[in-house]
Amino acid sequence: MNINLYERMAAEQRSQKIFEQAKEYACAYMNVVEEMDVYPSDKAIADLGTFDEPLPEHVNNAEDVLAMLHEYGSKATVAQTGGRYFGFVNGGVVPVAMASRWLADAWDQNAALHVMSPLALTLEEVCERWLAELFGLPAGTAAGFVTGSSMATICALAAARDTLLERKGWDTRRQGLFNAPPIRVVVGEQAHSSVFKALSLLGLGKERVETVPVDGQGRILPQKMPSLDDTTLVIAQAGNVNGGGFDPLEEICAAANHAQSWVHVDGAFGLWAAASSKTRHLVEGLESADSWSVDTHKTLNAPYDCGVVLCKDRNALVGTMQASGSYIQYSSQRDGMLYTPDMSRRARSIELWATLKYLGRQGVGELVDNLCTLTARFAQELSRRGLHVVNEVVFNQILVRCASPEKTEKLLSRIQKSGKCWCGGATWQGEPVIRISLCSWRTTEQDILECAGLFAKYYAELS
Ligand SMILES: *Cc1c(COP(=O)(O)O)cnc(C)c1O
């Protein structure tokens, strides 16, 4: 390394000026996030062109690098941490979780092995136990901490595939999938796209699955399930990504357990229903599944990115994620890379631990209840103002349509350009809908009332 560069970075580290600067920029951002455009203006997006410059030849000034992010980056952010972002299913962030993320950034831990970070791995163990308790899963359930539910689902389905094949005397890890005995995959017609992606990545084929018809809310009709056997992987969901509907887990798991099938539950945002006595009924029976995937960056409002794969049979998960190498030093304690596809990983457990430590069982329940209460209120206010809520509002999702598909699309576009709030769109039963997802603790009743007012105002202007 160039000695000048070394001295320069050492001085930056020592003086801490850029860190103070970053803190100031971040605090300035947090002070305006409630007032700024929820979606960046056309100008802010056009100004992102500033970043599109040739690769720098020489070392730049650190303060200038940060200032450029502040000037052009922050203005082009989507105000997801404010109270009026209702797009996709994206979470806000609990303040102490963000603060502990900053601290964790300073520590820059690698969670691959216990020997690399006893701290990160101790906190993984604690979070594993706490999450199992919070969701009411069997004691000893294993957890792997990954980027999100997509990756968590890949991990769980890989463990399921290997376990089902092992029962037939086939070792996928050694023998691969060519010539393996077939296994069956049963999914609901409205399973999330990430499930089909996982199936295609895992050699199970996204089109060779047996799909189960669903009801008007996208929930698996248990009486329409095919007969199951011990070579079947059943994939259910807790929380339809559009309408928020929950598959009847109790019936699905009972049938699957009887046949010795493997049940995976995609509970990206909906598994959190288990954490409140008011919504627990939605996931009744979930403890009888074999694996679960869940995000902490959605309903829980932990920072991006963190998803968790949970697996009842620890050996199944660890067996599938096994890696070796003469330099890899496993310990008698938990090694993170035994539970996930990655080796090097950031220590997500630090801010996840902080979120759970801060909220506790009661706080998580309150967070979930508050989102549900506000969602129900939002739906009521929209109906009252002449919009059609087309889904059964059971959790945090609302699907809205206008008198005609054209009007729905125009209203959605008007809302997306308003800067006052942001929602996405979807197709529901063949028609376009506006899709509202409440995921941020920051959303207040006033936000809901004002946004419902905006919907009504823009709708009236269309006519
Ligand atoms: C968001 C979501 C996923 C994907 O999760 P990521 O964290 O984005 O990978 C999967 N399933 C459902 C139901 C979801 O809502």
Side-chain angles (χ1 to χ4, degrees), residues 88-89 91 131 134-137 149 152-153 156 186-196 211-225 233-257 261-296 298-300 307-310 364-365 367-376 378-379 389-399 426 428-429 433 435-439:
F88 304 94
V89 185
L131 288 174
L134 200 54
F135 297 134
L137 304 182
S149 277
T153 299
V186 172
V187 299
E189 253 169 13
Q190 287 202 12
H192 191 266
S193 58
S194 59
V195 166
F196 294 101
T211 50
V212 190
V214 294
D215 68 7
Q217 301 302 314
R219 296 176 293 221
I220 283 180
L221 289 165
Q223 67 275 22
K224 295 281 169 77
M225 298 243 298
L233 164 58
V234 181
I235 303 165
Q237 75 184 351
N240 179 289
V241 77
N242 288 321
F246 288 71
D247 285 341
L249 298 180
E250 195 154 33
E251 284 166 273
I252 293 170
C253 290
N257 289 350
S261 305
W262 180 296
V263 186
H264 175 71
V265 179
D266 171 8
F269 64 94
L271 210 67
W272 295 101
S276 155
S277 55
K278 291 191 185 135
T279 47
R280 175 88 201 171
H281 66 276
L282 294 168
V283 291
E284 210 59 63
L286 94 160
E287 66 283 354
S288 308
D290 297 277
S291 58
W292 307 262
S293 41
V294 64
D295 276 317
T296 72
K298 289 180 178 169
T299 321
L300 183 67
V308 187
V309 53
L310 294 149
V364 176
L367 193 68
V368 171
D369 289 345
N370 198 39
L371 290 175
C372 292
T373 306
L374 287 174
T375 305
F378 203 166
V389 173
V390 299
N391 66 319
E392 235 178 76
V393 177
V394 294
F395 201 58
N396 69 328
Q397 303 286 116
I398 310 173
L399 302 177
W428 183 253
Q429 293 168 0
V433 287
R435 183 169 169 276
I436 300 171
S437 179
L438 266 80
C439 290

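Along the sequence shown, residues carry numbers from 1. In what follows, every heavy atom counts, from backbone to side chain, and hydrogens, waters and symmetry copies are set aside.
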| Side chain proximity check, V186 to V212, heavy atoms < 4.5 angstrom | yes
| Within a strict 4.5 Å, meaning less than it, do heavy atoms of the R219 and V214 side chains meet? | no
| query | If every non-hydrogen atom of F395 is compared with every non-hydrogen atom of F269, which pair is closest and at what distance? | reply | CE2-O, 3.7 Å
| F88, CZ: over 12 other non-hydrogen atoms inside 6.0 angstrom | no
| message | Could you walk me through whether H264 and V187 satisfy the side-chain contact (heavy atoms from CB on, under 4.5 Å) test, starting with their C-alpha distance in whole Å, then the side-chain angles of each, then the deciding distance to 0.1 Å, before giving a yes or no? | response | CA-CA 10 Å; H264 175 71; V187 299; over 6 Å; no
| task | Please report the shortest heavy-atom distance between A268 and D266, naming the atom on each side. | result | N-OD1, 3.2 Å
| Straight-line distance of E287 CD to E250 CD, nearest 0.5 Å | 7.5 Å
| request: Mind checking the NZ-CG spacing from K298 to L271? Nearest 0.5 Å is all I need. | output: 12.0 Å
| message | For a quick check under 3.5 Å, do S149 and D295 share a side-chain donor-acceptor pair by atom type? | response | yes
| query | At what distance, to the nearest 0.5 angstrom, does CG of L249 lie from CD1 of I220? | reply | 8.5 Å
| said: I'd like to check S291 versus V309 (side-chain heavy atoms, cut-off strictly below 4.5 Å). Are they in contact? | reply: no
| message | Whether the side chain of E392 engages the backbone of G245 through a donor-acceptor N/O pair (distance < 3.5 Å, no angle test) should be reported. | response | no
| message | With side-chain contact (heavy atoms from CB on, under 4.5 Å) as the criterion, how do L300 and V364 come out once you've worked through the C-alpha distance, each side chain's angles and the decisive distance to 0.1 Å? | response | CA-CA 7 Å; L300 183 67; V364 176; 3.9 Å; yes
| Are any of the side-chain heavy atoms of V368 and K278 separated by less than 4.5 Å? | no
| query | Quick one: are V283 and F135 in side-chain contact, heavy atoms under 4.5 Å? | reply | no
| note | CD (E251) and CD (E284) are apart, to the nearest 0.5 Å, by 12.0 Å
| query | Taking the side chain from Q397 and the backbone from G239, do they hold a donor-acceptor pair closer than 3.5 Å? | reply | no
| Does a side chain donor of either S276 or D369 reach within less than 3.5 Å of an acceptor in the other side chain? | yes
| note | For T153 and S293 the tightest heavy-atom approach is OG1-OG, 3.1 Å
| Can you tell me how far the CH2 atom of W272 sits from the CZ atom of R280, to the nearest 0.5 Å? | 12.5 Å
| query | With the threshold set at 4.0 Å, does a side-chain nitrogen-carboxylate oxygen contact exist between K224 and E189? | reply | no
| task | Could you grab the distance from atom CG of N257 to atom CD1 of I252, nearest 0.5 Å is fine? | result | 11.5 Å
| remark: All heavy atoms of N242 vs all of A426, minimum pair found to be OD1-CB, 3.5 Å
| request: Please lay out, stage by stage, how W428 and N240 fare under the test side-chain contact (heavy atoms from CB on, under 4.5 Å). | output: CA-CA 12 Å; W428 183 253; N240 179 289; 4.0 Å; yes
| Derivation and outcome, side-chain contact (heavy atoms from CB on, under 4.5 Å), residues T296 and V294 | CA-CA 7 Å; T296 72; V294 64; 5.6 Å; no
| said: So does C439 get a backbone contact from the side chain of N396, meaning a donor-acceptor N/O pair under 3.5 Å? | reply: no
| message | My understanding is that only one of D290, L137, V265 makes a side-chain contact (heavy atoms from CB on, under 4.5 Å) with L310; could you say which? | response | L137
| Counting N and O atoms only, with roles assigned by atom type, does the side chain of D247 sit under 3.5 Å from a partner on the main chain of G188, one being a donor and the other an acceptor? | no
| field | Heavy-atom closest pair, residues A273 and T279 | value | O-OG1, 2.9 Å
| request: Check V389 against A379 and note the closest heavy-atom contact, atom names and distance. | output: CG2-O, 3.7 Å
